[in-house]
Number of protein chains: 4
Amino acid sequence: MAQTTDPATNPVTNSRRAELLAIAARLFAEKGFKNTTVRDIADAAGILSGSLYHHFDSKESMVDEILRTFQEELFGQYDEILAGDLDPRAKLERAVVVSFEAIDKHRDEVAIFQNEAAHLLTFDRFAYLADRNQQSREVWLTLLRNGVDAGVLRDDLDLELTYRFIRDTVWVAVSWYRPGGRRTHTEIARQYLSILLEGIRS
Amino acid sequence: MAQTTDPATNPVTNSRRAELLAIAARLFAEKGFKNTTVRDIADAAGILSGSLYHHFDSKESMVDEILRTFQEELFGQYDEILAGDLDPRAKLERAVVVSFEAIDKHRDEVAIFQNEAAHLLTFDRFAYLADRNQQSREVWLTLLRNGVDAGVLRDDLDLELTYRFIRDTVWVAVSWYRPGGRRTHTEIARQYLSILLEGIRS
Amino acid sequence: MAQTTDPATNPVTNSRRAELLAIAARLFAEKGFKNTTVRDIADAAGILSGSLYHHFDSKESMVDEILRTFQEELFGQYDEILAGDLDPRAKLERAVVVSFEAIDKHRDEVAIFQNEAAHLLTFDRFAYLADRNQQSREVWLTLLRNGVDAGVLRDDLDLELTYRFIRDTVWVAVSWYRPGGRRTHTEIARQYLSILLEGIRS
Amino acid sequence: MAQTTDPATNPVTNSRRAELLAIAARLFAEKGFKNTTVRDIADAAGILSGSLYHHFDSKESMVDEILRTFQEELFGQYDEILAGDLDPRAKLERAVVVSFEAIDKHRDEVAIFQNEAAHLLTFDRFAYLADRNQQSREVWLTLLRNGVDAGVLRDDLDLELTYRFIRDTVWVAVSWYRPGGRRTHTEIARQYLSILLEGIRS
DNA sequence: TATGAATGAGTCTTCATTCAT
DNA sequence: GATGAATGAAGACTCATTCAT
């Protein structure tokens, strides 16, 4: 492991890494992490399974990199929303829209997080996923609380539950949303917001 | 051959089977089907792993029996609601309440279905799960359509999407609901209905 | 095992034993000893596998009893032929006929001996099978030698090889002979003798 | 997927496969297919049992390849005889000689076929063995019929039975023939032919 | 005699991973 | 970067056998 350049950041090797990670992500999302073998990934990449270890330390480190990268991007967007100057209702809308966008642009990553996080969480290495869950909770609760404080959302809501309902509905959509399908992710976001906002406005 | 009673239905031997299935269900729900070894189940039951095969053909047949039994009961309840004489809105409420009840009474079974169905579905043996998914869709769409026809629900809803939002929000709750926790399943159902019905009423 | 009467000879329990042995023999002959499970036998007998152990010590002791009983009868017949006063050629004919009769009357036992002896032989318990093989060799060699000495058989034969050809052709017939089939065991014996005796007569 | 060479036909990797198959064949022939464990094979090859699966799909696929390869060669030879221009009697002699040659050169393969075919036949995968049996029957019956038609063989023979006698005597010889033993395979073939042809000539 | 539950040793197979070439 | 061979640990499943009831 006496590498002088970290393959994860070296732009030259990066393209192949990214390629392989995309293949792995697709399979993890489709069949589950445990149900995907290293050989499945290698086969799909047209190499032998042992060769994957020139690129990655382990199967675990593949999911790790997949999830980590995705979450950085996603939470970056949430932070922007929080820091922005939209009004509370618009911020909430934006958060929903951004989430559905993520489902569209990062289907595999979202699916993996959705299906595997609970189990991965039980290993030290993936403890950061729990932090991200916590962070997500804070984002949504803040958005909701701001809405209530501003008087645009019902003040009789159990915010904790409301947050969970929203989070669940949004993210589980990854299980049935098909890019290029009948409904665009924007339409789905709109339809959901039309129900949700009607249901929680003051 | 000369067996006069099928162990799967014989009430006497059934107790041990049921016990073992409950143990298996708990583990499948907690760690996932693939992540649960036959030895995990046997250990939890206090027997050797090979001894499980005195009761069941395979690990697969265990999930099979768990899911099948649960679904029969659940869909029995949905059928009762559909056949009952409540008004459309009350029927919808009842369906939501019954679902949260199932989450409370059959946490493990719901969790297994929620987490494993997509993958199990890819095997012939579990093709019936696809039928159940279809049946579920028909139940909810019927309830929603009746509500719209009766004029109690908004007529601008995309019913297909609405059904998915409801189904997802309800069932994914199994991932965080804790029996005996701060909120009862009835309270959660009420809170969700208060948002949902407000959001979709005409 | 403090039994006051040997179940193998007690006439009362004998019928059930014989029944079970016949069932076992059929299965051993059809599928092979190793490929037949104790459960296969029990299933065919309409009892549970554990119950077989009230009748027999082990699966091995079942084949043992099957083979032992059969061989006693068969070699009794050979001894009668050798001790009888037929002329050499008639004795040889009789030995062939008696062997095909055994194939007809004891299909399963012959098949088991034919297919399993080589392997069973490697265990101490079945060392007596080697003795029987030796005894068989002596019977046939004696018959052939007497024929040659009497001038009715070619004196240029390699008797050792001739014995093997005869033994093989006769016993392997068990693999295709079907009782009640197109040809009776007597017809088969006649046809074989017509070729053999023509081939080896002086 | 992106494999340019099939390991089963690639001459380079083939050597290791062939080595392992030879080891497996020896054991299958000696102890029987069922009595030979994958570990037995691996031990004999000096590797771990799991490593065998780098070369073969399963224990079954090993016998499959062993039998298939052998039968192709053998039936190739029979076809040559049938297509050749020897006289009927010489063709029959040649077929016997070729068969004893096979016993000498492919002891293990012949033994496996002789001992396991009946059982393997009961699995779809080995259905082709039944075809080969049928093909063998046609070869011998053709040879015999041609001999009768040409007037060199007795016309009172039951050809079906005669075929079986020949086939059985020839192939079962594998159970006692030892390469390098007192009698060469050619001597055995000669001795058998001297009896057989005398017995069936017109 | 038979049942039903269990044992314990073993069998085939899988799979992430390593490493010499 | 990749191959091909192998490791080693584990996993699902089998099966002869035991034994309390």
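Residue numbers start from 1 in every chain, and the chains themselves are labelled A, B, ... in the order their sequence lines are given, proteins ahead of strands.
Residue whose closest nucleotide on DNA chain E sits further toward the 5' end, between Val38(D) and Leu52(C): Leu52(C). Residue Asp57(B) is the one, among Ser49(C) and Asp57(B), whose nearest nucleotide of DNA chain F lies closer to the 5' end (criterion: closest heavy atom). Mapped onto DNA chain E by nearest heavy atom, Phe33(D) and Thr36(A) fall at different nucleotides, with Phe33(D) at the one closer to the 5' end. Of the residues near DNA chain F, Lys34(C) and Lys34(B), the one whose nearest nucleotide (by heavy atom distance) lies more toward the 5' end is Lys34(B).
The distance from atom NZ of Lys59(D) to atom C1' of dT13(E) is 12 Å, rounded to the nearest whole Å. Taking atom CG of Leu20(B) as the reference point, atom P of dG4(E) lies 16 Å away to the nearest angstrom. Rounded to an integer number of Å, the gap from CZ of Phe123(C) to P of dA16(F) is 14 Å. Straight-line distance from the CE atom of Met62(C) to the C1' atom of dC15(F): 13 Å, rounded to whole Å. Computed from coordinates, the Ile47(D) CD1 to dA20(E) C1' distance equals 17 Å when rounded to whole Å. Whole-Å rounding puts the Arg17(B) CZ to dA6(E) C1' distance at 16 Å. In this structure, Asp43(C) atom CG and dA2(E) atom C1' are separated by 15 Å, rounded to whole Å. Atom CD1 in Ile41(B) sits roughly 14 Å away from atom P in dA6(E) (whole-Å rounding).
At dA2(F), none of the side-chain N or O atoms of His54(A) fall inside 4.0 Å of OP1 or OP2 (strictly under the cut-off). Within the 4.0 Å cut-off from OP1 or OP2 of dA6(E), at least one side-chain nitrogen or oxygen of His55(B) is found. For Ser58(C) and dA16(F), the shortest distance from a side-chain N or O to OP1 or OP2 is not below 4.0 Å.
Looking at Asp64(A), Asn115(A), Val63(A) one by one, the single match for side chain to side chain contact (heavy atoms under 4.5 Å, CB included) with Leu120(A) turns out to be Val63(A).
Atom CD of Glu30(C) and atom CD1 of Ile112(C) lie 10.5 Å apart (nearest 0.5 Å). Separation of atoms CG (Leu21(A)) and CZ (Phe70(A)) is listed at 14.5 Å; rounding is to 0.5 Å. Atom CD of Glu60(A) and atom CZ of Phe33(A) lie 5.5 Å apart (nearest 0.5 Å). In this structure, the separation between CG on Leu121(D) and CZ on Phe126(D) is 10.0 Å, given to the nearest 0.5 Å. To the nearest 0.5 Å, atoms NZ (Lys34(C)) and CG (Asn35(D)) are separated by 4.5 Å.
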Point to revise | Residues Phe56(A), Leu20(A); criterion side-chain contact (heavy atoms from CB on, under 4.5 Å); working and verdict | key: CA-CA 10 Å; Phe56(A) 304 98; Leu20(A) 294 172; 3.8 Å; yes
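Here the nucleotide nearest the side chain of Ser51(B), chosen from dT7(E), dA6(F), dT17(E), is dT7(E). Ranking dT7(E), dA12(F), dA6(F) by closeness to the Thr37(B) side chain, first place goes to dA12(F). Considering only side-chain atoms of Tyr53(C), the nucleotide from dG4(F), dT18(F), dA2(E) that sits closest is dT18(F). Checking dA6(E), dC12(E), dT1(E) against every side-chain atom of Arg16(B), the shortest atom distance belongs to dA6(E).
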Symbol by symbol from the 5' end, with Watson-Crick or G-U pairs under 3.5 Å, [ ] crossing and | another strand, DNA chain F is .||||||||||||||||||||
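Note on Leu48(D): a base of the nucleic acid sits closer than 4.0 angstrom, heavy atoms only.
Between Glu65(B) and Arg17(B) there is a salt bridge, with a side-chain nitrogen of the basic residue lying less than 4.0 Å from a carboxylate oxygen of the acidic one.
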